Amino acid sequence: MLLSRVAESIYWMNRYIERAENVARFLDVNHNLTLGDGEGLGRQWAPLVYTTGDEKSFQERYGDAEKKQVTHFLMFDKENPNSIFSCVAKARENARSVREIVPMPLWEQLNRFYLLVRGAANAANIADSVAEFCEQVKLASHTLLGLTYSTMSHGEPWHFSMLGRLIERADKTSRIVDVQYYLLLPNPREVGLTLDIVRWSSLLKSASALEMYRRTHGRIEPHKVADFLILDRFFPRSVHFCLVHAQESLRAIVDGPPGTQISPSGELIEQLRLNTDRVPIENIIQRGIHEFIDEIQVRLNRLGDAITAEFFALTPSTGTDLSSQQQSITT
Amino acid sequence: MGSPYAQSALATRLNEPEPQPTSQRRDFSDWGTMTIAAYEVNVRAFDEMFDEAGHPRAASRQFLQRLDRLSDTELRQRQKTAEVNLHNLGITFTVYGHEQGTERIWPFDLLPRIIDGTEWSRVERGLEQRVRALNLFIDDIYNEQHIIRDGVVPRELILTARTMRQQMVGFRPPQGAWCHISGVDLVRDGDGTIYVLEDNLRCPSGVSYVLENRELMKRTFPQAFEGMRVAPVEDYPERLLETLLACAPATDAPPVAVLLTPGAYNSAYFEHTFLAHQMGIELVQGSDLLVQDGYLWMRTTRGLRRVDVVYRRIDDDFLDPNCFRKDSMLGVAGLMDVYRQGRVAIANAPGTGVADDKAVYAYVPQIIQYYLQQDPILANVPTYICSDPDDRRYVLEHLSDLVVKPTNESGGYGILMGPQASSDELALCAEAIKSNPRNYIAQPLLCLSTVPTIVGDTLQPRHVDLRPFVLCGKEIYVMPGGLTRVALREGSMVVNSSQGGGSKDTWVLQ
């Protein structure tokens, strides 16, 4: 049993850290890709804003998606709720309000992470060291994950941590596949086109997936890239992997043996997982990758809402029902 | 009120001949150039470790011998280690008015304040007596008011106390316990007398530092601590939990207690997390709780759970918007109804502040006499109540010698230190007293006792106070020692953490 507010703070703390890491990864790859910026890559920056889902807010305040603007918007813009700065600040705020639950080394690391980002935001020539900054952000996020794994009891708070991490990651991986796939291959059913290997590699890199992809599939082929990022059973950033492990954590939270879930969030995650379970990628491509991912996105949002309703936002009447259920089981 | 205390007590000390530091040879011939040998006692104040002649007091002798065996370098090293530990443990307090999330380390000084066991047992009895009487007083004030009818405490004084809670009139909390937790501030004046400065019956904080300081001391200075027969303080969380659960309403299931905090931006948030953690109870905010079907519940991932006891660390005013301040976002709507139905206990009970009023403080000796038919064991600081015409005249004539305090504030707010005030400040204060006399009291300026403290590369006397914590349930428990706060600035008597104060471990020798 965990206070709803505490569970919510832990869940969001982890979502925000994962989000910051993903934004850093997208940025890093794009910077790398556009360093030898020719004419053809000028439009490469707009998709980044789509990937985080903030195009409306960006257009209103910045207009054209140029490198400089997009970089600032995604790294330090305090008004962009999904900038690295905003995410890390919110993660820290969430941790601060549940300090009795967060192990001290984890808190210290998060605090350092915040100071790092705040320092960089005020640094004069940060534009020259974007890659280095992004590297530090990724490393900080990985350190936090390691500390979560190794300093926190793997009980309910830990499972809420994992749930937050994995749902956020599934969301971001699916988004990047959606956006980039469309740009690289407007008509996936077309065959025989010459592939832009550099940009396909960069798609894999932005999910830190290039090396693992090579070991699994070897040469780069569009449908195998999609297969790897959406359906792979072992790659820890694939949508399927995230859903399988998020489901495990959700089960641990409600404490029921596998297959006995009846709660709305349990139902939703079961459907989501089945969507990516042993489905041949060809079927997905046949139906349309964009349509498929769109459905995943909608369901992920619904799952998030269901988790909120079930665990965080107890209204008096639903609360009593759950409570009496619980009491009748335990007594 | 008799002759002003400041003159009577301090004059004798000041008239003593200045001791010659160079001629003061202490008991330890082998001290050589060690830091402790260079320590100079501040003759205006009572030093807790050395007498006026510079000889170690009996209770400190053994500790000083051990300290003496350490080189300067080693001592400095240990002080540094203590600071690093403090940082790593994350023992912080929040500073208001700074950038959000500003947390600071509260400085810890390695040299303990040592209290002789015999002296302590007198203090302990004094505190027990005081809290017992104050608890009876609060109960009487909200019910029969015998003490007013018998003319011991003026009715006017109670009626005008801003901390009086009309909502509590006619109420009796479980076990008759009102002030479950109090943190009584004690100071020792120049002549060695220990005075009660404030009773702090509302939400006193600081106990977490007592526990952390002890832990820190054991970690960083084990050889000084070992075999010293220091009375333990580590059982406090257990005793606090026991006190809280003892006042729970009778239920079939084991009672559930929670700690109610205003949240992460409160200056004592660290303490709230610490105590909740130590007692293994949930740390809740108002939004975690709700009232339904006549009971108090907390929202959890497994649905609603009943709460039986609330250890609240928020003020009365914010407890329940239906009952006290309407705009409170920190409390729980309907909590007071549940409380009055006897279905939840609140510690401390709402309304205890009435005995914290500084004008009521002046009557504590009479209160003890009235309820217990005993002479007070601990001295009260002579207090001039500005709403009394004679006292007011005296205060206005002697403003620059006195300390003027607002009657209803706590935490050192709004205090005027006469001797250090400018003429403008004195004039403003005089005006304030004349326009609202009930709001002020005045006391002579006490000279707080000192304890050797590490300052750079030297040991220097620094002024200290002491806040022991007292638990009041079926029985009264006095924590041995308490929180020793130290003013780190030379000559300063302001021990508050926000104003350059630090703390020390406090040893009561058994």
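Every value quoted in this text rests on a predicted model; they were computed, and no experiment measured them. Letters A, B, ... mirror the listed sequences (proteins, then strands); counts begin at 1.
In this structure, B:K326 places its NZ atom where more than 12 heavy-atom neighbours from other residues, nucleotides or ligands lie under 6.0 Å away. With a 6.0 Å radius and a threshold of 12 heavy atoms from other residues, nucleotides or ligands, B:H277 has its NE2 atom at or below the threshold. Counting heavy-atom neighbours within 6.0 Å of B:E234 CD, excluding the residue itself, gives a total above 12. The environment of CE in B:M329 is sparse: at most 12 heavy-atom neighbours from other residues, nucleotides or ligands sit within 6.0 Å.
Note that A:R99 lies outside the cation-pi zone of B:F274, set by a 6.0 Å cut-off to the ring centre and a 45° limit from the axis.
Counting only distance, with no hydrogens or angles, the side chain of B:T300 and the backbone of A:L3 share no donor-acceptor pair below 3.5 Å.
Using a 4.5 Å cut-off between heavy atoms, B:V284 touches chain A through backbone and side chain atoms alike.
When all heavy atoms of B:A264 and A:S97 are compared, the closest pair comes out as CB-CA, 4.1 Å. Of all non-hydrogen atoms in A:S4 and B:T301, the two that sit nearest each other are OG-N, 3.9 Å. In terms of heavy atoms, A:I253 sits closest to B:R302 at O-NH2, 2.8 Å.
At a heavy-atom cut-off of under 4.5 Å, chain B is reached by A:E156, A:F160 from residues 151-165 of chain A, listed in order of number. Residues of residues 138-150 of chain A having a heavy atom under 4.5 Å from any heavy atom of chain B: none.
Applying the salt bridge (charged side-chain N to carboxylate O under 4.0 Å, His left out) rule to pairs touching residues 274-291 of chain B yields A:R5-B:D288, sequence neighbours excluded. For the salt bridge (charged side-chain N to carboxylate O under 4.0 Å, His left out) condition, the pairs that include at least one residue of residues 327-348 of chain B, sequence neighbours left out, are B:R325-B:D327, B:D337-B:R340.
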